[in-house]
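Keep in mind that what you see is a predicted model, and the values were worked out from it rather than measured. To find a chain, count down the sequence lines: A is the first, B the second, and so on, and within it residues start at 1.
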Amino acid sequence: GESVGLHLPTLSVQEGDNSIINCAYSNSASDYFIWYKQESGKGPQFIIDIRSNMDKRQGQRVTVLLNKTVKHLSLQIAATQPGDSAVYFCAENMGLETSGSRLTFGEGTQLTVNP
Amino acid sequence: DSGVTQTPKHLITATGQRVTLRCSPRSGDLSVYWYQQSLDQGLQFLIQYYNGEERAKGNILERFSAQQFPDLHSELNLSSLELGDSALYFCASSAHPYNSPLHFGNGTRLTVT
């Protein structure tokens, strides 16, 4: 299943399928991006990050792709499991090294995994 | 468990009152951040401290203030509370002050009645 960025805040997939969550970021000068997972009643949980000098980074069952040309970020989750059901946020650092981090979050995508 | 501890978990207070939220960062992290999460505004960056000094400021109201103490714990003070201040307040910490993953606590849910 695939979401269409910030305009489609929900994504429903079948267990075992791959999920793709998309995010359009706003600042072409942003040099650092993070994906977070937030479950109900908990704080955002770090999933994976990527710097602007890379276009792909892989973790355990997750891959982040960065396309700076169109200011687009995506999170791919392989073999989605019910425990992956949560809200997923992308975040970009809109700060400067001299002035600190200003991690700015997108609106989030609700991922629902159906058994 | 992120290692970031926030207290209290829940807080109910009346308009006009003042509250203090507390945060202990992960062991070894020097930078602390405060975020507000409400249904209509999403996650909003409030302020960042690094090793006791303010580093970056976001959309923090003048009625709100924060500080980071020598032992690196931080407090967020909210005064003259309004109904619209009801939200989840998250603290996060990171090892470095820039381009470093933030690790969030589980938040303090503030309800202003």
Side-chain angles (χ1 to χ4, degrees), chain A residues 5-7 9-10 23-27 29-54 57 59-60 62 64 66 68 73 75 86-110, chain B residues 1-7 9-10 21 23 25-26 29-60 66 68 87-109:
Chain A
L6 300 177
H7 301 291
T10 62
C23 175
Y25 65 91
S26 60
N27 187 354
S30 293
D31 60 358
Y32 181 62
F33 306 87
I34 307 182
W35 279 100
Y36 283 93
K37 169 187 181 183
Q38 187 175 22
E39 296 173 284
S40 181
K42 294 186 177 181
Q45 177 187 350
F46 170 77
I47 302 173
I48 191 167
D49 59 357
I50 187 167
R51 299 180 190 279
S52 59
N53 60 355
M54 304 172 69
R57 191 162 188 226
Q60 190 173 16
V62 295
V64 55
L66 175 62
K68 294 181 288 293
L73 197 65
L75 177 71
V87 177
Y88 288 79
F89 293 96
C90 67
E92 60 180 302
N93 182 13
M94 300 179 76
L96 299 172
E97 191 162 6
T98 53
S99 61
S101 287
R102 296 175 60 88
L103 207 60
T104 302
F105 284 74
E107 69 174 24
T109 296
Q110 172 72 57
Chain B
D1 182 11
S2 68
V4 177
T5 304
Q6 289 188 248
T7 56
K9 289 184 180 178
H10 302 277
L21 312 184
C23 169
R26 286 190 328 163
D29 283 357
L30 297 179
S31 201
V32 168
Y33 309 75
W34 287 97
Y35 278 79
Q36 179 192 58
Q37 187 175 38
S38 58
L39 286 175
D40 58 345
Q41 295 272 342
L43 269 161
Q44 298 288 313
F45 168 66
L46 296 178
I47 198 162
Q48 177 197 11
Y49 280 84
Y50 176 69
N51 206 19
E53 294 192 3
E54 184 182 304
R55 188 68 180 246
K57 213 164 186 176
N59 303 320
I60 188 165
Q68 186 180 28
L88 270 167
Y89 290 84
F90 288 106
C91 172
S93 71
S94 67
H96 304 290
Y98 187 74
N99 284 359
S100 182
L102 272 60
H103 299 274
F104 284 79
N106 283 329
T108 293
R109 180 174 292 281

Fill in the blank from the handout: Whatever's closer than 4.5 Å to a heavy atom in chain B on A:Gln45 counts as neither
Fill in the blank from the handout: Turns out that what part of B:Gln44 lies under 4.5 Å from chain A's heavy atoms comes down to neither
Handout entry: Student check: side-chain heavy atoms of A:Lys42 and B:Phe90 closer than 4.5 Å
Key = no
Exercise for the section: Examine distances only and state if a side-chain atom of B:Arg109 and a backbone atom of A:Gly41 form a donor-acceptor pair shorter than 3.5 Å. Expected result: no
Fill in the blank from the handout: So, the part of A:Ile34 with a heavy atom under 4.5 Å from chain B: the answer is side chain
Practice task
Evaluate whether atom CD of B:Glu53 has more than 12 neighbouring non-hydrogen atoms of other residues, nucleotides or ligands under 6.0 angstrom away.
Solution key: no
Practice task
Run the ring-centre check on B:Tyr35 versus A:Phe105 and record whether the distance is less than 6.0 Å.
Solution key: yes
Exercise for the section: Please step through side-chain contact (heavy atoms from CB on, under 4.5 Å) for the pair B:Asn99 and A:Phe33, ending with a clear verdict. Expected result: CA-CA 8 Å; B:Asn99 284 359; A:Phe33 306 87; over 6 Å; no
Handout entry: Expected output: side-chain B:Asn106 to main-chain A:Gly43 donor-acceptor under 3.5 Å
Key = yes
Problem - Donor-acceptor contact present, side-chain B:Tyr33 to main-chain A:Arg102, <3.5 Å - result: no
Completion exercise
Heavy atoms of B:Leu102 and A:Phe46 approach each other most closely as O-CB, 4.2 Å
Handout entry: B:Lys9 atom NZ, neighbour heavy-atom count above 12 within 6.0 Å
Key = no
Exercise for the section: Could I get the full list of side chain to side chain contact (heavy atoms under 4.5 Å, CB included) partners for B:Gln36, not counting sequence neighbours? Expected result: B:Leu46, B:Phe64, B:Ala87, B:Tyr89
Completion exercise
Closest non-hydrogen contact found for A:Asp31 with B:Tyr98 is OD2-OH, 3.0 Å
Problem - Contacting region of B:Ser31 [heavy-atom separation from chain A under 4.5 Å] - result: neither
Exercise for the section: Under 4.5 Å, counting heavy-atom pairs only, tell me which of A:Leu103, A:Asp49, A:Thr104 racks up the most with chain B. Expected result: A:Leu103
Handout entry: Listed partners of A:Ser26 passing side chain to side chain contact (heavy atoms under 4.5 Å, CB included), at least two apart
Key = A:Glu92, A:Met94
Practice task
Could you tell me whether B:Phe104 and A:Tyr36 have their ring centroids closer than 6.0 angstrom?
Solution key: yes
Problem - Portion of B:Pro97 that has a non-hydrogen atom of chain A nearer than 4.5 angstrom - result: backbone
